[in-house]
Amino acid sequence: MNLNILHNMIPSPILKVEKKQIGRIVKTDVAIVYLTDFVDETVLEEVRQRIDLLEVNYVIESRIIEEAIEGDQKTIFPLCFNSELPDAVSAALYEGRIAVFTNGTPTASIVPNLFIQYFQQPNEYNTKEKYAGRILSFLSFFITILFPGFYLTLIYHHKNWLPQKIQDEFFQHMIIPFWLEIFITLIFFQILGFSSYKISKEMILLASLIGTITIGSTAVEAKVLHPLSLIVVGISYLTSTILTI
């Protein structure tokens with residue numbers, strides 16, 4: 001189905017599809033898709049070799065193919081970009097990149113991966129205001145990585161910038177260090193986010209209610225968390241969701 005969509009979007013003989021079967025016990029179809037006039041032959045040959053060297057009994061999903069393409073490089077950053085958007089995959093092919101499809105998986109794995117791709121919004125290809133979305137994504141990125149650190153720096157190293165009344169009010173709530181409450185709250189928000197994928201739809205409302213009571217009211221009233229710390233973490237978490245594609 002994905003290949004049919006691509007053929008309709010790129011009706012050209014330069015669109016090439018190389019199909020391979022991976023797996024010793026169960027054969028899974030894998031397709032390497034590229035445009036002959038744009039692709040880098042060196043990168044293409046490297047992708048072919050790494051996929052051919054993959055020896056597994058079966059392939060459940062595309063992550064196994066991605067690990068073969070990534071090779072032995074150890075990094076916390078993703079080296080393959082996944083997308084279910086036909087226009088995003090078509091644009092990547094026109095830019096000279098390679099898309100790898102695995103039968104049974106709706107997403108395409110695009111290599112090589114570029115950091116700028118994570119700032120693209122799904123509607124950039126069919127709207128006039130694409131630069132506004134890109135600027136908003138960059139702004140959200142900097143808020144996510146800098147806002148908690150700026151908050152802690154202000155408290156610990158530049159508290160003299162604040163009026164004395166605000167300083168006294170801040171450190172009255174210091175049951176646990178500010179850096180620790182920021183860290184714990186971020187972890188708790190991540191747990192709430194992951195739980196929305198794990199639990200049923202009927203339980204999402206209950207989980208949200210428990211999280212709101214635990215963090216939003218009880219922890220603040222018990223002076224375990226400072227209200228401003230909760231606001232900082234909440235803003236950082238919301239801006240981080242914009243970067244998730």
Atom of [X], atom of [Y] and distance for their closest heavy-atom approach:
X    : Y    : result
P112 : V43  : CD-CG1, 4.3 Å
I5   : P86  : CG2-CB, 3.6 Å
N113 : P78  : ND2-O, 2.7 Å
V89  : S83  : CG2-O, 4.3 Å
N82  : S109 : OD1-OG, 3.3 Å

Could you give the distance from [atom1] ([X]) to [atom2] ([Y]), rounded to the nearest 0.5 Å?
X    : Y    : atom1 : atom2 : result
L44  : K16  : CG    : NZ    : 12.0 Å
N4   : N8   : CG    : CG    : 7.0 Å
N57  : I25  : CG    : CD1   : 4.0 Å
F188 : I191 : CZ    : CD1   : 7.0 Å
L15  : Y94  : CG    : OH    : 8.5 Å

**Study point:** Worked verdict on R63 versus E70 for salt bridge (Lys or Arg N to Asp or Glu O under 4.0 Å)
**Key:** CA-CA 10 Å; R63 181 57 198 163; E70 292 173 0; 3.1 Å; yes
Could you see if [X] belongs to whatever hydrophobic cluster contains [Y]? Use Ile, Leu, Val, Met, Phe, Trp, Tyr and a side-chain cutoff under 4.5 Å.
X    : Y    : answer
F189 : I231 : yes
V111 : F115 : no
L93  : L3   : yes
I187 : Y151 : no
I98  : I65  : yes

[X], [atom1]: over 12 other non-hydrogen atoms inside 6.0 angstrom:
X    : atom1 : value
E45  : CD    : yes
K19  : NZ    : no
F138 : CZ    : yes

Do [X] and [Y] make a side-chain contact, defined as non-hydrogen atoms from C-beta onward lying under 4.5 Å apart?
X    : Y    : answer
I22  : K27  : no
D87  : M9   : yes
I32  : I51  : yes
V33  : F101 : yes
F150 : L146 : no
H7   : P11  : no
L35  : I10  : yes

When you check the side-chain N and O atoms of [X] and [Y], is any donor under 3.5 Å from an acceptor?
X    : Y    : answer
S236 : T144 : no
N2   : E84  : no
Y34  : E18  : yes

Exercise for review: Let me see the working for I69 and L79 under side-chain contact (heavy atoms from CB on, under 4.5 Å), right down to the final yes or no.
Suggested key: CA-CA 9 Å; I69 296 174; L79 301 181; over 6 Å; no
Is there a donor-acceptor contact under 3.5 Å from the side chain of [X] to the main chain of [Y]?
X    : Y    : value
T105 : T107 : no
Q117 : L114 : yes
S240 : Y237 : yes
Y58  : T28  : no
D37  : I14  : no

Practice item. Apply side-chain contact (heavy atoms from CB on, under 4.5 Å) to T102 and E61, showing your working. Key: CA-CA 7 Å; T102 304; E61 56 184 27; over 6 Å; no
Review point. What pairs with D52 under salt bridge (charged side-chain N to carboxylate O under 4.0 Å, His left out), at least two apart in sequence or on another chain?
Key: K20
Check your understanding: With under 30° as parallel and over 60° as perpendicular, where do the rings of F119 and F141 fit, or are they tilted in between?
Key -> perpendicular
Practice item. Could you please spell out the steps behind the side-chain contact (heavy atoms from CB on, under 4.5 Å) verdict for I110 and C80? Key: CA-CA 6 Å; I110 301 173; C80 294; over 6 Å; no
